[in-house]
Colleague: 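Would you mind keeping the following structure in view while I ask a few things?
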Amino acid sequence: MTPIVRKATLKDVSILLEFEQGVIAAERPFDPTIKSGDIAYYDIPDLITNPNSDVFVVEIDSHIVASGYAKIKPDRHYLKHRQQGYLGFMFVDHQHRGKQLNKLIIDALMEWCKSHHIFEIRLDVYQDNLPAIKAYEKVGFKKHMINMRLDIE
């Protein structure tokens, strides 16, 4: 029952699509701007095959139980770094939460970023998603900027 971290393959897309719906379901209560009904956040096959991104999964007993991606993105011209590693699609199956699997995914994603000479790592998290914030702070992330919105309709 030792967790195995590996890169996702196109054979993993069906379970990753299920995980994507899990991410969307978890985030809907935090974001009134998400459309109702069926939506997708990611182009998972592209994230797996694109040289500027990669998806990692955790397997336990040959079952995928966690996921996350890193994507190299250009950053703003006035910053010290030209590119950033953007992390997303962090999901751990309900049965396996609390086992530090998110940390395993983040460690793999950070190593992938380092191997591509990317040292500025960013991610977005809803301010009311306290369990996620706590998990990210546990691995070294710090709050940096607050994104604000106003619906004037």
Side-chain angles (χ1 to χ4, degrees), residues 1-9 12-13 15-34 40-61 63-149:
M1 189 152 144
T2 302
I4 297 169
V5 181
R6 66 168 175 82
K7 289 185 180 187
T9 70
D12 302 323
V13 169
I15 187 71
L16 294 174
L17 289 170
E18 290 178 31
F19 284 7
E20 177 183 35
Q21 293 308 305
V23 171
I24 293 166
E27 291 184 347
R28 272 199 163 110
F30 300 113
D31 191 341
T33 68
I34 297 175
Y41 281 174
Y42 315 111
D43 181 345
I44 295 170
D46 182 64
L47 288 170
I48 292 171
T49 59
N50 190 316
N52 287 320
S53 62
D54 223 331
V55 178
F56 283 79
V57 296
V58 174
E59 278 187 4
I60 294 178
D61 296 332
H63 296 313
I64 296 173
V65 298
S67 66
Y69 79 74
K71 183 176 201 173
I72 299 169
K73 296 172 66 171
D75 219 328
R76 293 156 289 188
H77 70 280
Y78 54 84
L79 296 177
K80 292 178 181 178
H81 54 276
R82 292 189 342 234
Q83 297 176 308
Q84 64 170 266
Y86 182 81
L87 307 188
F89 192 25
M90 303 303 198
F91 183 81
V92 178
D93 184 74
H94 291 286
Q95 300 172 192
H96 296 280
R97 293 190 179 164
K99 298 179 182 177
Q100 306 232 340
L101 301 182
N102 193 54
K103 181 184 181 334
L104 293 176
I105 289 283
I106 290 174
D107 288 349
L109 296 172
M110 287 197 284
E111 284 303 314
W112 182 87
C113 288
K114 286 180 194 175
S115 76
H116 288 80
H117 306 287
I118 302 297
F119 303 101
E120 178 70 21
I121 310 300
R122 305 233 176 163
L123 57 79
D124 291 316
V125 61
Y126 291 102
Q127 77 171 18
D128 292 332
N129 190 346
L130 300 179
I133 291 169
K134 184 177 176 183
Y136 297 135
E137 287 176 338
K138 222 180 209 184
V139 295
F141 283 89
K142 292 181 175 53
K143 294 175 187 165
H144 179 66
M145 180 178 277
I146 296 173
N147 177 296
M148 298 177 73
R149 65 171 291 278

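Model, not experiment: these values are computed from the prediction. The first residue in the sequence is number 1, and the count goes up from there.
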Colleague: Going from NZ on K142 to CD on E137, what distance comes out if it is rounded to the nearest 0.5 angstrom?
Modeller: 9.0 Å
Colleague: I need the minimum non-hydrogen distance between D75 and Q84, along with the two atoms involved.
Modeller: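 The pair with the smallest heavy-atom distance is OD2-NE2, 2.8 Å.
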Colleague: Examine distances only and state if a side-chain atom of N50 and a backbone atom of N52 form a donor-acceptor pair shorter than 3.5 Å.
Modeller: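 Present.
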Colleague: Do I106 and M90 have side chains that get closer than 4.5 Å, going by heavy atoms?
Modeller: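 In short, these two side chains touch, coming nearer than 4.5 Å.
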Colleague: Under the side-chain contact (heavy atoms from CB on, under 4.5 Å) test, which residues partner R6, sequence neighbours left out?
Modeller: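 R6: side-chain contact (heavy atoms from CB on, under 4.5 Å) contacts with T9, D12, V57, E59, I64.
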Colleague: Under the ring pair (Phe, Tyr, Trp, His ring centres under 6.0 Å) test, which residues partner Y86, sequence neighbours left out?
Modeller: none
Colleague: Look only at the side chain of E20 and the backbone of Y41, and say whether a donor-acceptor pair between them is shorter than 3.5 Å.
Modeller: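 Looks like yes, one N/O pair under 3.5 Å.
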Colleague: Under 6.0 Å from the CD atom of Q127, do we count more than 12 heavy atoms belonging to anything else shown?
Modeller: no
Colleague: Does some side-chain heavy atom of K143 sit less than 4.5 Å from a side-chain heavy atom of I133?
Modeller: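 A side-chain contact exists here, since the closest heavy-atom pair is under 4.5 Å.
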Colleague: If every non-hydrogen atom of Y69 is compared with every non-hydrogen atom of K71, which pair is closest and at what distance?
Modeller: CE1-CB, 3.8 Å
Colleague: Return the minimal non-hydrogen interatomic distance between P3 and V58, and the atom names on each side.
Modeller: CB-CG1, 3.7 Å
Colleague: Using ring pair (Phe, Tyr, Trp, His ring centres under 6.0 Å) as the criterion, list what pairs up with H81, not counting sequence neighbours.
Modeller: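 Scan of H81 (ring pair (Phe, Tyr, Trp, His ring centres under 6.0 Å), adjacent residues dropped) gives none.
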Colleague: Roughly how far, to the nearest 0.5 Å, is the CG atom of L16 from the CD atom of E18?
Modeller: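 Atom-to-atom, E18:CD and L16:CG are 9.5 Å apart.
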Colleague: How many angstroms lie between CZ in R82 and CD1 in I72, if you round to the nearest 0.5 Å?
Modeller: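 It is 11.5 Å, given to the nearest 0.5 Å.
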Colleague: Any side-chain heavy-atom pair from V55 and W112 closer than 4.5 angstrom?
Modeller: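 Side chain of V55 against side chain of W112, heavy atoms only: no contact under 4.5 Å found.
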Colleague: Can you tell me how far apart NZ (K73) and OG (S53) are? Round to the nearest 0.5 Å.
Modeller: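 Here the rounded value is 11.5 Å.
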Colleague: Between K114 and E111, is a salt bridge (Lys or Arg N to Asp or Glu O under 4.0 Å) present by the stated rule, with each step listed?
Modeller: CA-CA 5 Å; K114 286 180 194 175; E111 284 303 314; 3.4 Å; yes
Colleague: Side chains of Q100 and K138, heavy atoms from C-beta outward: is any pair under 4.5 Å?
Modeller: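 In short, these two side chains touch, coming nearer than 4.5 Å.
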Colleague: Taking C-beta and beyond as the side chain, do H63 and H96 meet within less than 4.5 Å on heavy atoms?
Modeller: no
Colleague: What I'd like to find out is whether the side chain of H144 reaches to under 4.5 Å of the side chain of R122, using heavy atoms alone.
Modeller: yes
Colleague: Distance check, rounded to the nearest 0.5 Å: I44 atom CD1 versus I15 atom CD1?
Modeller: 10.5 Å
Colleague: Checking side chain to side chain contact (heavy atoms under 4.5 Å, CB included) for the pair L101/D93: CA distance, chi angles, key distance, verdict?
Modeller: CA-CA 10 Å; L101 301 182; D93 184 74; over 6 Å; no
Colleague: Do F141 and V125 have side chains that approach each other closer than 4.5 Å (heavy atoms only, starting at C-beta)?
Modeller: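 When only atoms from C-beta onward are counted, V125 and F141 do not touch, as no gap falls below 4.5 Å.
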Colleague: Are V5 and D107 packed together at the side-chain level, in the sense that at least one heavy-atom pair is separated by less than 4.5 angstrom?
Modeller: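 Answer no - side chains too far apart.
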Colleague: To the nearest 0.5 Å, how far apart are CG in L87 and SG in C113?
Modeller: 6.0 Å
Colleague: Give the minimum heavy-atom separation between N102 and A135, together with the two atoms involved.
Modeller: ND2-CB, 4.1 Å
Colleague: Return the minimal non-hydrogen interatomic distance between F19 and A66, and the atom names on each side.
Modeller: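 Looking at all heavy atoms of both residues, the closest pair is CE2-N, 3.6 Å.
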Colleague: For A108 versus F56, what's the shortest heavy-atom pair and its separation?
Modeller: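 A108 and F56 have their closest heavy atoms at CB-CD2, 3.7 Å.
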